[in-house]
Chemist: 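Sharing a structure below in structure tokens format, with a few things to ask.
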Amino acid sequence: MATAGASDPLSEALAVLDAFMAALNRGDEAGINATFHFPHVRLASGKVTVWQKAGDYALEGFRARAGDGWAESRWDERTPIHVGDSKVHLAVQFSRWRRDGSLIGRYKSIYIVTNQDGRLGVQARSSFAA
């Protein structure tokens with residue numbers, strides 16, 4: 001993961017999001033957990049979900065809500081809202097795709113990447129995705 005304290009917090013935050021998406025697409029649960037800070041918070045589908053510690057986030061829950069035939073996700077947009085040395089807020093849109101190349105859907109979200117102990121990680125997400 002990116003190490004905070006370098007000169008470009010936005011580039012480092014985007015690198016964390018790239019690592020998250022790559023881990024998700026290869027089905028790497030440990031890799032996904034490595035891109036998060038804990039507790040990790042997700043607001044979506046009318047509820048708040050909190051994963052308290054590394055290892056709590058499981059792909060099984062994601063696959064259950066990802067959509068019929070999900071094979072991969074992609075970033076469509078990643079726009080900075082606020083950028084500081086210790087925290088970056090990003091307005092993002094991602095899409096979910098089936099193996100045959102058909103689109104499941106596109107979803108707007110806000111991702112918050114924070115610096116904890118010199119390491120950047122996704123701390124919270126608020127999404128219109130299921």
Side-chain angles (χ1 to χ4, degrees):
M1 286 315 90
T3 303
S7 61
D8 190 356
L10 177 58
S11 291
E12 291 187 5
L14 293 172
V16 170
L17 267 58
D18 286 341
F20 162 75
M21 190 66 77
L24 179 68
N25 286 335
R26 66 177 183 268
D28 179 359
E29 199 169 277
I32 293 168
N33 277 270
T35 65
F36 290 167
H37 280 312
F38 295 92
H40 180 85
V41 178
R42 182 177 185 263
L43 292 82
S45 301
K47 68 179 186 171
V48 176
T49 304
V50 180
W51 293 275
Q52 291 296 329
K53 62 187 183 318
D56 284 354
Y57 181 87
L59 279 170
E60 179 180 313
F62 166 76
R63 288 185 183 116
R65 66 179 181 273
D68 182 43
W70 176 86
E72 75 169 312
S73 295
R74 301 175 194 158
W75 296 118
D76 301 322
E77 301 171 19
R78 297 182 301 174
T79 304
I81 301 169
H82 306 105
V83 178
D85 290 336
S86 64
K87 184 167 47 173
V88 176
H89 296 174
L90 295 145
V92 306
Q93 178 177 290
F94 61 89
S95 52
R96 292 179 179 159
W97 299 84
R98 294 179 188 90
R99 193 165 313 287
D100 68 5
S102 62
L103 177 67
I104 295 170
R106 297 187 190 279
Y107 309 96
K108 298 278 187 185
S109 298
I110 294 175
Y111 277 52
I112 300 172
V113 178
T114 61
N115 174 0
Q116 290 186 17
D117 300 321
R119 185 181 74 82
L120 292 178
V122 181
Q123 186 81 62
R125 303 173 284 156
S126 177
S127 180
F128 287 98

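Only heavy atoms go into these numbers, but all of them, side chains included; no hydrogens, no water, no symmetry mates. Note that the numbering runs from 1 along the sequence shown for the chain.
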Chemist: My understanding is that only residues two or more places apart in sequence, or in another chain, count here; which of them pass side-chain contact (heavy atoms from CB on, under 4.5 Å) with Asp68?
Modeler: none

Chemist: Where is the tightest heavy-atom contact between Gly31 and Ala23, given as atom of each residue plus distance?
Modeler: C-CB, 3.6 Å

Chemist: Could you please spell out the steps behind the side-chain contact (heavy atoms from CB on, under 4.5 Å) verdict for Ser73 and Asn25?
Modeler: CA-CA 7 Å; Ser73 295; Asn25 286 335; 4.0 Å; yes

Chemist: With sequence neighbours left out, write down each residue that passes salt bridge (charged side-chain N to carboxylate O under 4.0 Å, His left out) with Arg26, or none if nothing qualifies.
Modeler: Asp28

Chemist: Do Glu29 and Asn33 come within less than 4.5 Å of each other through their side chains, counting heavy atoms only?
Modeler: yes

Chemist: Taking all non-hydrogen atoms of both residues into account, name the closest pair between Ala13 and Leu120 and its distance.
Modeler: N-CD1, 3.9 Å

Chemist: Provide the closest heavy-atom pair for Ala66 versus Ile104 in the form atom of the first, atom of the second, distance.
Modeler: O-CG2, 3.8 Å

Chemist: Suppose clustering is done on Ile, Leu, Val, Met, Phe, Trp and Tyr with side-chain heavy atoms closer than 4.5 Å. Which residues sit in the same group as Leu103?
Modeler: Trp97

Chemist: Can you pull the salt bridge (charged side-chain N to carboxylate O under 4.0 Å, His left out) pairs that have at least one residue in residues 88-105, sequence neighbours excluded?
Modeler: none

Chemist: Listed by chain and number, what are the ring-ring contact (aromatic ring centres under 6.0 Å, His included) partners of Phe62, not counting sequence neighbours?
Modeler: Trp70

Chemist: Roughly how far, to the nearest 0.5 Å, is the CD atom of Gln93 from the CG atom of Asp76?
Modeler: 4.5 Å

Chemist: Whether the side chain of Trp75 engages the backbone of Met21 through a donor-acceptor N/O pair (distance < 3.5 Å, no angle test) should be reported.
Modeler: no

Chemist: Would you say His82's side chain and Lys87's backbone share a donor-acceptor pair under 3.5 angstrom?
Modeler: no

Chemist: What heavy-atom pair brings Asp85 and Pro9 nearest, and what distance separates the two atoms?
Modeler: OD1-CG, 4.0 Å

Chemist: Kindly compute the distance separating NE2 (His37) from CG (Asp117), expressed to the nearest 0.5 Å.
Modeler: 8.0 Å

Chemist: Run the side-chain contact (heavy atoms from CB on, under 4.5 Å) test on Val113 and Leu14 for me, step by step, so that the C-alpha distance in whole Å, both residues' side-chain angles and the decisive distance to 0.1 Å come before the verdict.
Modeler: CA-CA 9 Å; Val113 178; Leu14 293 172; over 6 Å; no

Chemist: Just say parallel, tilted or perpendicular for the rings of Tyr111 and Phe94, cut-offs at 30° and 60°.
Modeler: perpendicular

Chemist: Using a 4.5 Å cut-off on heavy atoms from C-beta on, say whether the side chain of Gln123 contacts that of Gln116.
Modeler: yes

Chemist: Does Lys53 have any side-chain contact (heavy atoms from CB on, under 4.5 Å) partners at least two apart in sequence or in another chain, and if so, which?
Modeler: Asp56

Chemist: Do Ile112 and Val16 land in one hydrophobic cluster if side-chain heavy atoms of ILVMFWY residues count as linked below 4.5 Å?
Modeler: no

Chemist: Can you name the salt bridge (charged side-chain N to carboxylate O under 4.0 Å, His left out) partners of Arg74, sequence neighbours left out?
Modeler: Glu72

Chemist: Between Leu59 and Leu24, is any pair of side-chain heavy atoms under 4.5 Å apart?
Modeler: yes

Chemist: Got a sec, which residues hit salt bridge (charged side-chain N to carboxylate O under 4.0 Å, His left out) with Glu77, two or more places apart in sequence or on another chain?
Modeler: Lys108

Chemist: Suppose we screen for salt bridge (charged side-chain N to carboxylate O under 4.0 Å, His left out). Which residues come up paired with Arg78, at least two apart in sequence or across chains?
Modeler: Asp18

Chemist: Aromatic ring centroids of Phe128 and Tyr107 under 6.0 Å?
Modeler: no

Chemist: List the atom of Leu90, the atom of Leu10, and the distance in Å for their closest heavy-atom pair.
Modeler: CD2-CD1, 3.8 Å

Chemist: Once ring-ring contact (aromatic ring centres under 6.0 Å, His included) is applied, do any residues pair with His40, and if so which ones, sequence neighbours excluded?
Modeler: Phe36, Trp51

Chemist: Under the rule for ring-ring contact (aromatic ring centres under 6.0 Å, His included), what residues qualify as partners of Phe38, not counting sequence neighbours?
Modeler: none

Chemist: Quick one: are Tyr57 and Arg42 in side-chain contact, heavy atoms under 4.5 Å?
Modeler: no

Chemist: Ignoring hydrogens and angles, write down the donor-acceptor pairs under 3.5 Å from the side chains of residues 43-50, residues two or more places apart or on other chains.
Modeler:
none

